[in-house]
There are 4 protein chains.
Amino acid sequence: MMNKSKKESLLQAAKELFGECGYVETTFKKISDKAGVALGLLTHHYGNKEKLFLACGLDVLEHFLKRLRQATSEADSGFDGVMRFCKAYLDFSIDRDSNWLVLVRCSPYSDMKTKTDRDIMDSMFSQVHQELERVIARGIEDGSLVTVDSKSTAQVIISLMVGANRTRVLTPYAMPSLYKDVLDFVARSIKA
Amino acid sequence: MMNKSKKESLLQAAKELFGECGYVETTFKKISDKAGVALGLLTHHYGNKEKLFLACGLDVLEHFLKRLRQATSEADSGFDGVMRFCKAYLDFSIDRDSNWLVLVRCSPYSDMKTKTDRDIMDSMFSQVHQELERVIARGIEDGSLVTVDSKSTAQVIISLMVGANRTRVLTPYAMPSLYKDVLDFVARSIKA
Amino acid sequence: MMNKSKKESLLQAAKELFGECGYVETTFKKISDKAGVALGLLTHHYGNKEKLFLACGLDVLEHFLKRLRQATSEADSGFDGVMRFCKAYLDFSIDRDSNWLVLVRCSPYSDMKTKTDRDIMDSMFSQVHQELERVIARGIEDGSLVTVDSKSTAQVIISLMVGANRTRVLTPYAMPSLYKDVLDFVARSIKA
Amino acid sequence: MMNKSKKESLLQAAKELFGECGYVETTFKKISDKAGVALGLLTHHYGNKEKLFLACGLDVLEHFLKRLRQATSEADSGFDGVMRFCKAYLDFSIDRDSNWLVLVRCSPYSDMKTKTDRDIMDSMFSQVHQELERVIARGIEDGSLVTVDSKSTAQVIISLMVGANRTRVLTPYAMPSLYKDVLDFVARSIKA
DNA sequence: TATGAATGAGATTTCATTCAT
DNA sequence: AATGAATGAAATCTCATTCAT
């Protein structure tokens, strides 16, 4: 059983801190202290703060995509796939171990100004859309969904996921039933 | 014909810069340069950066609320009111003169860390929710809407507004039909 | 009698330190300590280290040019003008109060890598050449000099000034008679 | 056919980089990258950066001296020797393969601050002077030169070489005929 | 000999805020 | 109300050098 490498410690500490404190409030010192490594190792391994931030976001996104794909793979109809997708999305966002907040702050929907190769994040994130488009297309084919454009409907549903998630994890006034209500809202709108 | 006062110039410049560049990238120097006034006037009039940021956000929010209220007041049914609310929300967000982006970065849905009296913004923003709850309640009463809980449905719909808006103004991949699709999506889900 | 302003103190301290320690070894801290002002005032007034360096060099260059022009203006022949020019050049370089070394490190003949608007320094320095070209041209006309091309001869003589000066102020082995020998060398080469 | 040893690759890369970028801008990483060897080999073989810099300079100086000595050895008079010396000096400085710039930045005439055993460089460089003194002495003896002090005249002529060379390789405004003009200037000044 | 991860002191630069005028 | 010089804490990033492998 190997210990985590210092590079990995750094990434883990960064994910937690970027998520909790945001980009600006997270400093090199905080990260290296938390990871228990030297300050300079950060640039040695990751180049600069922005690149580390991106690495954190992509790491979370990778796990996120895995979870979404697993969820849709278990669906027995297009409609079921959409619902599983939405549930998996929302569940992942409140999983304590997922470091979801980093992705919130780093995703294309964030209001942060990044000079970062935002393109990389954009193109990776588009896979989330593709996954949903796929199940919507299936649902239209198998008759479990109303007839809509799959691409634009995916964009609407993901917009709702984004907004609901932000309501829950960022605002102080989300109702306990929010995620359930959201699923009902989606179901009513697209069920055949 | 009075010229704008220096205090007002400052607020206007700040709204534009906070919106365009974000909180961190917007500096006192940039603001005072753009406004064409002395640096020191900023703290003199607004206390500190956070307070100015809040003032910008509240200023936009005020106009936003006015627009929403006018929209709902013209409705001839609850359902119509909801649709008018949503349309007004989305229209305002792409109005060139509304300085919407400041509010995006300052609202409870922002991923920024603020020490600011976030409470003030939260409580002001809750009026947006109340406005929507009101028309939903009316729609349930007048039979134009499905029977749902007005408070939680308002939260879902506003979540969708938030997400759709972010898709449009922050990401590079929003489809041209997004706002229209969103309205259709809402209508399908709640129309009686 | 006003005291020197903080901006002026900064420039004076910088001239001394850049001259004595070189660009790299001169730090913001050393400069602000020596000038007795706050660290941040440096960028406030001069933008950045490079610009301050340039300001130092140009300040010395300005005094240098004044001295050269005065020297040539007193000449009673072209040949005399050239000799006065050379003497003034060399004298200025060992004047304790001239902060000559900054200019050595900042001039077009320096081996430092500068991103600085080197162009500004180059074009200012070309005035030194022009001044010498003028007296050479006069000497050819009045018959006190051999017939040569004034522009290229100026370049040769200034090359000799540059080299002799570096020998004197940078190397440990300059002979005491160097400057005198240089003047003799020039006289032999160009006297009619 | 042996390949260059890693130690030699390192020296070659260092000569090019120190010459092109200067001492400060040249980093261990750049050197090891360019040489295609491990970072740690640098200190392993050369101790530290300063020592490597000196090694580079001395390597170039060695070739330089060889060239100068060959040039003077072919002279058929003292005057001819001086002219050959000067020509060889200037030619070497624009030989693409000589890595001359390292020596410019490392020589006693450089404006860099070095903690390096500057003494070593100084004493090696004095051999350049000695070589010129020798031919000047010969020229006085054989009557091909004016009667001057050989040591101090050597210093003047080398000053001119230094300055002319810097004009050519460091400034943007050297005239094409500069090196030729310099040789003429010297000839006029010392020919018997 | 060879590698490159690891260290941490130190440099430059930014900028909100203060304050004398 | 208005100005902008002045402050200094804090952040990011660099890089020679060390050292375990």
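For B/F125, the ring pair (Phe, Tyr, Trp, His ring centres under 6.0 Å) partners are B/Y109, not counting sequence neighbours. Scored by the salt bridge (Lys or Arg N to Asp or Glu O under 4.0 Å) test, C/D122 finds no partners at all (sequence neighbours excluded). Not a single side chain to side chain donor-acceptor pair (under 3.5 Å) links D/N99 to another residue, sequence neighbours left out. With sequence neighbours excluded, the residues forming a salt bridge (Lys or Arg N to Asp or Glu O under 4.0 Å) with B/K34 are B/E16, listed by chain and number. Qualifying salt bridge (Lys or Arg N to Asp or Glu O under 4.0 Å) partners for A/K66, counting only residues two or more places apart in sequence or in other chains: none. Partners of B/R166 according to the salt bridge (Lys or Arg N to Asp or Glu O under 4.0 Å) rule, which considers only residues two or more places apart in sequence or in another chain, are A/D111, B/D111.
Contact annotation for A/S32: no contact, since no heavy-atom pair falls under 4.0 Å across all strands.
Atom-to-atom, CZ of A/F28 to P of F/dC15 comes out at 14 Å; the value is rounded to the nearest Å. In this structure, CD of B/E8 is placed 15 Å from C1' of F/dA1, rounded to the nearest angstrom. The separation between D/I31 atom CD1 and E/dT3 atom P is 15 Å, rounded to whole Å. The NZ-P distance, from B/K30 to E/dT14, rounds to 11 Å in whole Å. The NZ atom of D/K29 sits 17 Å away from the P atom of F/dT17 (whole-angstrom rounding). E/dT17 atom P lies 8 Å from atom NZ of B/K49, rounded to whole Å. What separates CZ of C/F53 from P of E/dT12 is a distance of 13 Å, to the nearest Å. Between D/D33 atom CG and E/dT3 atom C1' the separation is 13 Å, expressed in whole Å.
In this structure, D/K29 places its NZ atom where only 12 or fewer heavy-atom neighbours from other residues, nucleotides or ligands lie under 6.0 Å away. Few gaps surround NE2 on A/H45; more than 12 heavy atoms of other groups in view lie less than 6.0 Å from it.
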Toss me the dot-bracket line for DNA chain E: Watson-Crick and G-U wobble, both under 3.5 Å, 5' to 3', using | for pairs to another strand and [ ] for crossers.
.||||||||||||||||||||

N/O donor-acceptor pairs under 3.5 Å from side chains in residues 18-26 of chain B, not counting sequence neighbours:
unit_1 : atom_1 : unit_2 : atom_2 : d
B/Y23  : OH     : B/E50  : OE2    : 3.4
B/T26  : OG1    : B/L17  : O      : 3.1
B/T26  : OG1    : B/G22  : O      : 2.6

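The side chain of D/N48 sits closest to F/dT17 out of F/dT17, F/dC13, E/dT12.
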Which pairs, protein N/O on one side and nucleotides 6-10 of chain E N/O on the other, fall under 3.5 Å?
unit_1 : atom_1 : unit_2 : atom_2 : d
E/dA6  : OP2    : A/H45  : NE2    : 2.5
E/dT7  : OP1    : A/K6   : NZ     : 3.0
E/dT7  : OP2    : A/A38  : N      : 2.9
E/dG8  : N7     : A/G40  : N      : 3.2

